[in-house]
Novice: 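The following block contains the structure, expressed as structure tokens.
Just the heavy atoms: all of them, side chains too, but no hydrogens, waters or symmetry mates, feed the values below.
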Amino acid sequence: MGMSWGPGAAAARSATHAAIFAPLAPVGRADAVAQRLADAIQLGLLEQGERLPTEQELGRQFGVATVTAREALESLRSAGLIETRRGRAGGSFVCGSGDDARTALVSRLAAMSRVELRDMGLVYGLIAAGAAERAALFATPDEVDSLALLVEGGAAANGAAARRAENGIRLEVAALSRSARLVSEQVRLQAEFGPLLWIALQEQAVVAGNAARHRRLIAAIAGESPEEARAVVIEQVGWLVDRLLAVREAAER
């Protein structure tokens, strides 16, 4: 499937793939691998016709045994989300789009307690805020401009493109922190908590509010104000978690 990607979109796509194929912690299992990939397919982050890594590559990227990766791919085949082709040009390819992605994610959200959701949001927010704080200390003007392009691209996008942009923004800020550990942790949390956060980014008003907060973050980073950058992210993540809780409560009615 041939597509043309601009610099901002390519960065968002690269960041998205980094999160999708981040190692599982602490111990990977076939169902966890399958869930991660199914989320990505159903959210449109892995596109129809896209070729997945081999079993060996998946095992290495996820930090699981090859047989575990094989079991996960078999589960995805049974669900009709991928197909396997033989021959030199063969492999496992995305063949489903998962139109019920939101339903599946809302069901997972509903199964979480309010305390669990708040706790997950707390950890996510602290890591993202720490990355933003350091980004305000180290980001160059050119890097801030690139981040701004990602934000404006996401604000004008919808569906999978908007989700890729959101992924790209979070991971780009982490990269600007100049901390390999923060990047690694942000990638892991993006894979774990990102799909749930995207439930909140369905309504245009929420997308607009989120973009406004991203712009405030960029201003804080550009102004070399680490305290403001941290405060913006803490407020933003808390606001998104509140939106998730509202979705959860509506699903229980």
Novice: Can you tell me how far the SG atom of Cys95 sits from the CG atom of Leu81, to the nearest 0.5 Å?
Specialist: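 Spacing of SG (Cys95) from CG (Leu81) equals 7.0 Å.
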
Novice: Return each pair, listed once, that meets salt bridge (Lys or Arg N to Asp or Glu O under 4.0 Å) where at least one residue sits in residues 135-163; pairs must be two or more places apart or across chains.
Specialist: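 Residue pairs passing salt bridge (Lys or Arg N to Asp or Glu O under 4.0 Å), neighbours aside: Glu143-Arg178, Glu152-Arg215.
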
Novice: Measure the CG-CD1 distance between Leu147 and Ile218 for me, rounded to the nearest 0.5 Å.
Specialist: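 That separation rounds to 4.5 Å.
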
Novice: Going through the distances and angles, do Arg118 and Asp242 end up as a salt bridge (Lys or Arg N to Asp or Glu O under 4.0 Å)?
Specialist: CA-CA 9 Å; Arg118 288 279 190 198; Asp242 285 343; 2.9 Å; yes

Novice: Is there any ring pair (Phe, Tyr, Trp, His ring centres under 6.0 Å) pair reaching into residues 114-133, and which pairs are they, with sequence neighbours excluded?
Specialist: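 Non-adjacent pairs meeting ring pair (Phe, Tyr, Trp, His ring centres under 6.0 Å): Tyr124-Phe193.
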
Novice: Among residues at least two apart in sequence or on other chains, which ones pass side chain to side chain contact (heavy atoms under 4.5 Å, CB included) with Arg85?
Specialist: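 Per chain and number, Arg85 pairs via side chain to side chain contact (heavy atoms under 4.5 Å, CB included) with Glu83, Phe93.
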
Novice: Short question: side chain of Glu166, backbone of Ala162 - any donor-acceptor pair under 3.5 Å?
Specialist: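 No, because the side chain of Glu166 does not come within donor-acceptor range (under 3.5 Å) of the backbone of Ala162.
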
Novice: Are any of the side-chain heavy atoms of Leu105 and Trp198 separated by less than 4.5 Å?
Specialist: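 Not touching, per the 4.5 Å side-chain cut-off.
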
Novice: Are the side chain of Arg29 and the backbone of Thr68 linked by a donor-acceptor contact shorter than 3.5 Å?
Specialist: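 No: the side chain of Arg29 does not pair with the backbone of Thr68.
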
Novice: A side-chain contact here means heavy atoms from C-beta on lying under 4.5 Å apart; do Leu37 and Phe62 qualify?
Specialist: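 In contact.
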
Novice: Given the rule that I, L, V, M, F, W and Y join up when any side-chain heavy atoms are under 4.5 Å apart, are Val123 and Leu182 in one cluster?
Specialist: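 Yes.
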
Novice: Enumerate the ring pair (Phe, Tyr, Trp, His ring centres under 6.0 Å) contacts for residues 155-190, please, sequence neighbours excluded, ordered by first and then second residue.
Specialist: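 Every candidate ring pair (Phe, Tyr, Trp, His ring centres under 6.0 Å) pair involving residues 155-190 fails, so no pair, neighbours aside, qualifies.
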
Novice: With a 3.5 Å distance limit and no angle check, can you tell me whether Arg51 reaches the backbone of Gly90 through a side-chain donor-acceptor pair?
Specialist: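 Checking the backbone N and O of Gly90 against the side chain of Arg51, a donor-acceptor pair under 3.5 Å is found.
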
Novice: Would you list the pairs meeting ring pair (Phe, Tyr, Trp, His ring centres under 6.0 Å) in which at least one residue belongs to residues 219-241, sequence neighbours left out?
Specialist: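 Counting only pairs at least two positions apart or across chains, no ring pair (Phe, Tyr, Trp, His ring centres under 6.0 Å) contact touches residues 219-241.
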
Novice: Under 4.5 Å between side-chain heavy atoms, chaining through other members, with only Ile, Leu, Val, Met, Phe, Trp and Tyr counted: pull out the rest of the cluster around Ile234, sorted by chain and number.
Specialist: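 Its cluster mates, by chain and number, are Leu122, Leu126.
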
Novice: Using the salt bridge (Lys or Arg N to Asp or Glu O under 4.0 Å) rule, collect all pairs that involve residues 192-207, keeping only residues at least two apart or in two chains.
Specialist: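 Listed once each, the pairs are Arg188-Glu192.
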
Novice: Test Met120 against Leu189 for side chain to side chain contact (heavy atoms under 4.5 Å, CB included), laying out the working first.
Specialist: CA-CA 9 Å; Met120 188 177 289; Leu189 289 169; 5.8 Å; no

Novice: What's the shortest heavy-atom distance between Val144 and Ala139, and which atoms?
Specialist: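 What the structure gives for the nearest pair is CG2-CB, 4.0 Å.
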
Novice: Does Arg108 CZ have over 12 foreign heavy atoms under 6.0 Å away?
Specialist: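 Atom CZ in Arg108 is packed in, count exceeds 12.
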
Novice: Quick check for you: to the nearest 0.5 Å, what is the distance between Leu201 atom CG and Asn210 atom CG?
Specialist: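 With rounding to 0.5 Å, CG (Leu201) is 5.0 Å from CG (Asn210).
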
Novice: OG1 of Thr66 to CG of Leu58: how many Å apart, nearest 0.5 Å?
Specialist: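 CG of Leu58 is found 9.5 Å from OG1 of Thr66.
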
Novice: Salt bridge check: are Arg164 and Glu47 linked by an N-O gap of less than 4.0 Å?
Specialist: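 The answer is yes: the pair qualifies as a salt bridge.
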
Novice: Test question: given the 4.5 Å side-chain rule for I, L, V, M, F, W and Y, name all other residues clustered with Val67, or answer none.
Specialist: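 Direct or chained contacts put Val67 with none.
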
Novice: What's the spacing between Ile127 CD1 and Arg181 CZ if we round to 0.5 Å?
Specialist: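 Going from the CD1 atom of Ile127 to the CZ atom of Arg181 covers 11.5 Å.
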
Novice: Side chain to side chain contact (heavy atoms under 4.5 Å, CB included) with Arg77: which residues, sequence neighbours excluded?
Specialist: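 Once residues adjacent in sequence are excluded, the partners of Arg77 under the side chain to side chain contact (heavy atoms under 4.5 Å, CB included) criterion are Leu73, Glu74, Ile82, Thr84, Ser92.
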
Novice: Looking at side-chain heavy atoms only, is the closest gap between Gln236 and Arg216 below 4.5 Å?
Specialist: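 A side-chain contact under 4.5 Å is absent here.
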
Novice: Using a 4.5 Å cut-off on heavy atoms from C-beta on, say whether the side chain of Gln186 contacts that of Glu172.
Specialist: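 Glu172 vs Gln186: side chains apart.
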
Novice: State, to 0.1 Å, how close Val241 and Gly121 come at their nearest heavy-atom pair, and which atoms those are.
Specialist: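 Shortest heavy-atom separation between Val241 and Gly121 comes out as CG2-CA, 3.9 Å.
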
Novice: I need the minimum non-hydrogen distance between Thr54 and Glu57, along with the two atoms involved.
Specialist: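 Looking at all heavy atoms of both residues, the closest pair is N-OE1, 2.9 Å.
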
Novice: Check Leu109 against Leu244 and note the closest heavy-atom contact, atom names and distance.
Specialist: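 Leu109 and Leu244 have their closest heavy atoms at CD2-O, 3.5 Å.
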
Novice: Hydrophobic clustering (ILVMFWY, side-chain heavy atoms < 4.5 Å, transitive) - are Leu176 and Phe138 grouped together?
Specialist: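 Looking at the clustering, Leu176 is in a separate group from Phe138.
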
Novice: Rounded at 0.5 Å granularity, tell me how far CD1 in Ile169 sits from CD in Gln190.
Specialist: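 Result: 10.0 Å between the selected atoms.
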
Novice: Taking C-beta and beyond as the side chain, do Arg60 and Glu55 meet within less than 4.5 Å on heavy atoms?
Specialist: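 In short, these two side chains do not touch, never coming nearer than 4.5 Å.
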
Novice: Taking all heavy atoms of Val33 and all of Ala72, pick out the closest pair and write down the distance.
Specialist: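 Distance-wise, the nearest heavy atoms are CG1-CB, 3.5 Å.
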
Novice: May I ask you to check whether Gln35 and Asp39 show a side-chain donor-acceptor distance below 3.5 Å?
Specialist: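 Looking only at side-chain atoms, Asp39 and Gln35 do form a donor-acceptor pair, the distance falling under 3.5 Å.
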
Novice: Checking Gln202 against Arg243 for the side chain to side chain contact (heavy atoms under 4.5 Å, CB included) test, could you report, in this order, the C-alpha distance in whole Å, the side-chain angles of both residues, the deciding distance, and whether it holds?
Specialist: CA-CA 11 Å; Gln202 299 288 316; Arg243 304 284 79 72; over 6 Å; no

Novice: For Ser113, check side chain to side chain contact (heavy atoms under 4.5 Å, CB included) against everything at least two apart and list the hits.
Specialist: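 By the side chain to side chain contact (heavy atoms under 4.5 Å, CB included) rule, Ser113 matches Val115, Glu116.
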
Novice: Heavy atoms only: give me the nearest Val183-Ala174 pair and the separation to one decimal.
Specialist: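 Shortest heavy-atom contact: CG2-O, 3.4 Å.
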
Novice: List in chain and number order the residues that pass side chain to side chain contact (heavy atoms under 4.5 Å, CB included) with Ala191, two or more places apart in sequence or in another chain; answer none if no residue qualifies.
Specialist: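 Arg36.
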
Novice: Would you mind reporting whether Leu117 and Arg114 have side-chain heavy atoms less than 4.5 Å apart?
Specialist: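 A side-chain contact under 4.5 Å is absent here.
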
Novice: Can you give the donor-acceptor pairs under 3.5 Å from side chains of residues 221-232 to other protein atoms, not counting sequence neighbours?
Specialist:
residue : atom : partner : partner atom : Å
Arg230  : NH1  : Glu133  : OE1          : 3.3

